[in-house]
Every structure is written in structure tokens, then in C-alpha cells.
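Step one of this worksheet: look at the structure below.
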Amino acid sequence: MAGPGPAEELLGGGSERRARARLAAGAGGAGRAAAAVLVPLCSVRGRPALLFTLRSRRLGGAHSGHVSFPGGRRDPADTDAVATALRETREELGLELPAGSVWGQLRALPDGQGQLVAPVVANLGSLEDLTLTPNPDEVQEVFTLPLAHLLREENQAYTHFRTAAGRRYTLPVFLHGPHRVWGLTAIVTELTLELLAPGRYRRKTHVPGHA
């Protein structure tokens, strides 16, 4: 019987240990973050995937109707970014995750308003074993994309833009799923692919002054 393919191994025990070690060594800025998102790894019919949400248009504002990860602003009662991400996931998806499902935190990233957002990586396990109850006031749709899909070059693109001050940026875009993944969500997706599949994903992001 054939063993698991490269994509199927991305959430295996060895990959998890390596990812946890890299996250423990590399997370930065999470303590200063004003918000956090959960980066929900999962498996769908045995295939490793990422879970995304489409923000409800009931929310209004610039980000309504956009693809996102569960998350939001830090509450005073939240002890850290992990607490924020887990609370927001419970409020948005009705999903109570044990602390052991959290692998660690990617480096904090600035959003469009310049506030730091901490991405918290967690493994939900098999999606078929979970019951999601999305809050319609916050979530319009929940969908997944296999990691194998995200790693294929034909599903990857990028966008260039230049600020009024002449600074040039290149940001990733992921295509050919139910919805286009772009913006901060695409950058976090890119960092997650680099974490799980180092050497197999070629970074699209270029921000002047940042590695």
C-alpha cells in the first residue's frame, strides 16, 4: 500500500514537531498585538487543508464580504493573543478548541491601519468530526482549501502596488478556490505555507525594509 504523499505529511507528527519548534523560536511582536487571528489547519477527507471564513456583509465597514481567518480585537479579559484567537473562534464558529491544539504563533503583522495582528496556528483535526455553528452576524460562509491546492503555482499570483511616497510592494494572492484569498489573510497563508513546506513555496511578498 502506498504511503501518504507529500501534502498528506504536512500535518503529521514530524511536521508538527518541526513547526512547533520554528514557531517557538520565531514568533515576534505578539505581546504588543492589538488583535489576533486563528490560522485553522484541518483535514478534509484525509487531505490537509486551511479553513477560511467569508466575513458577513452585516458587519459593514471596509472588510465585510472579505475572506479572512477567525479573529478580532483583543479584549481586556484576554490573557494573550492565543486567548483572543480562541475566543474569537468560539464566537464566530461555535468551536471550542483545547489549548493543546495550538501549535504556536507566527510573527505579528500590521493590518491596513498599522495595528499589529498576531496569527495563532492551530490544528482543528478532521473537519468531519467537528460541528461548526457560524454566527451569521459575523460569518457569511466557511470554506476550506487543500494545502496541495495552495502549493500549486497555477493557483498562486501576486499584485504590485506603489504608495504615494514611491514605495513598491508585492503581495500574494491565491486563486481558483470558492473565493480569492488576498490582503493580510493571503500574507498569513503564505507564512503558513513557508512554515509547513519550507522549500516548496516561493514567497510572493515584498515589503521594503522587511525580510
Side-chain angles (χ1 to χ4, degrees), residues 4-33 35-44 46-53 67-71 80-86 88-89 97-111 116-127 143-153 155-158 170-175 177 181-207 210-211:
E8 283 68 25
E9 294 173 351
L10 294 178
L11 302 187
S15 294
E16 178 179 347
R17 286 190 293 273
R18 288 190 294 272
R20 284 179 179 268
R22 292 183 66 192
L23 290 168
R32 305 188 306 276
V37 296
L38 192 84
V39 185
L41 303 170
C42 62
S43 65
V44 180
R47 301 174 67 196
L50 267 176
L51 181 145
F52 298 87
T53 66
V67 171
S68 67
F69 291 121
D80 54 21
V82 172
T84 300
L86 294 180
E88 288 284 346
T89 300
L97 294 176
S101 67
V102 174
W103 287 11
Q105 298 174 48
L106 295 164
R107 61 182 173 88
L109 300 165
D111 65 10
L116 285 178
V117 178
V120 176
V121 180
N123 188 357
L124 310 185
S126 172
L127 204 60
F143 68 97
T144 61
L145 289 174
L147 296 183
H149 172 99
L150 294 165
L151 286 167
R152 292 192 193 104
E153 289 194 10
N155 298 325
Q156 302 166 5
Y158 52 87
T170 302
L171 298 179
V173 181
F174 295 92
L175 306 171
V181 180
W182 63 288
L184 184 64
T185 303
I187 297 173
V188 174
T189 298
E190 176 175 77
L191 292 176
T192 304
L193 294 176
E194 288 187 321
L195 171 73
L196 297 174
R200 292 179 56 193
Y201 178 80
R202 185 165 52 188
R203 181 183 296 196
K204 303 292 188 295
T205 300
H206 169 70
V207 177
H210 291 73

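When reading the values below, keep in mind they use all heavy atoms of this one structure, side chains included, and skip hydrogens, waters and symmetry mates.
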query = Knowing that exactly one of F69, F174, W182 qualifies, which makes a ring-ring contact (aromatic ring centres under 6.0 Å, His included) with F52?
reply =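 When F69, F174, W182 are each tested with F52, the ring-ring contact (aromatic ring centres under 6.0 Å, His included) holds only for F69.
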Check whether any side-chain heavy atom of [X] sits under 4.5 Å from a side-chain heavy atom of [Y], and report yes or no.
{"X": "T89", "Y": "P40", "answer": "no"}
{"X": "W103", "Y": "L11", "answer": "yes"}
{"X": "L196", "Y": "L41", "answer": "yes"}

For the pair [X] (side chain) and [Y] (backbone), establish whether a donor and an acceptor sit closer than 3.5 Å, ignoring hydrogens and angles.
{"X": "T84", "Y": "A36", "value": "no"}
{"X": "S15", "Y": "E9", "value": "yes"}
{"X": "R32", "Y": "L116", "value": "no"}

Indicate the atoms forming the closest heavy-atom contact of [X] with [Y], along with that distance.
{"X": "S126", "Y": "S43", "result": "CA-OG, 3.3 Å"}
{"X": "L184", "Y": "P110", "result": "CD1-O, 3.9 Å"}
{"X": "E194", "Y": "R22", "result": "O-NH1, 3.2 Å"}
{"X": "V44", "Y": "A49", "result": "CG2-CB, 4.1 Å"}
{"X": "P172", "Y": "T205", "result": "CD-OG1, 3.1 Å"}
{"X": "V82", "Y": "Q105", "result": "CG2-NE2, 3.5 Å"}

Once you round to the nearest 0.5 Å, how far does [atom1] of [X] lie from [atom2] of [Y]?
{"X": "L51", "Y": "F143", "atom1": "CG", "atom2": "CZ", "answer": "8.5 Å"}
{"X": "R200", "Y": "R152", "atom1": "CZ", "atom2": "CZ", "answer": "10.5 Å"}
{"X": "E16", "Y": "L23", "atom1": "CD", "atom2": "CG", "answer": "10.5 Å"}

inquiry  = Against L150, only a single residue in N155, V181, T192, L50 fulfils side chain to side chain contact (heavy atoms under 4.5 Å, CB included); can you say which?
reply    =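 Checked N155, V181, T192, L50 against L150; only one passes side chain to side chain contact (heavy atoms under 4.5 Å, CB included): L50.
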key: Among L151, L145, L147, side chain to side chain contact (heavy atoms under 4.5 Å, CB included) partner for H149   =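 Only match with H149 under side chain to side chain contact (heavy atoms under 4.5 Å, CB included): L145.
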query = Given the rule in the side chain to side chain contact (heavy atoms under 4.5 Å, CB included) test, do Q156 and R202 qualify, once you have shown the distances and angles that lead to the verdict?
reply = CA-CA 10 Å; Q156 302 166 5; R202 185 165 52 188; 5.9 Å; no
R47 CZ: over 12 foreign heavy atoms closer than 6.0 Å =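 Count not over threshold, so no.
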ask   = After noting the C-alpha distance and the side-chain angles of I187 and L106, does the key distance pass the side chain to side chain contact (heavy atoms under 4.5 Å, CB included) rule?
value = CA-CA 11 Å; I187 297 173; L106 295 164; over 6 Å; no
key: Residue pair E88, L38: steps toward the side chain to side chain contact (heavy atoms under 4.5 Å, CB included) verdict   = CA-CA 8 Å; E88 288 284 346; L38 192 84; over 6 Å; no
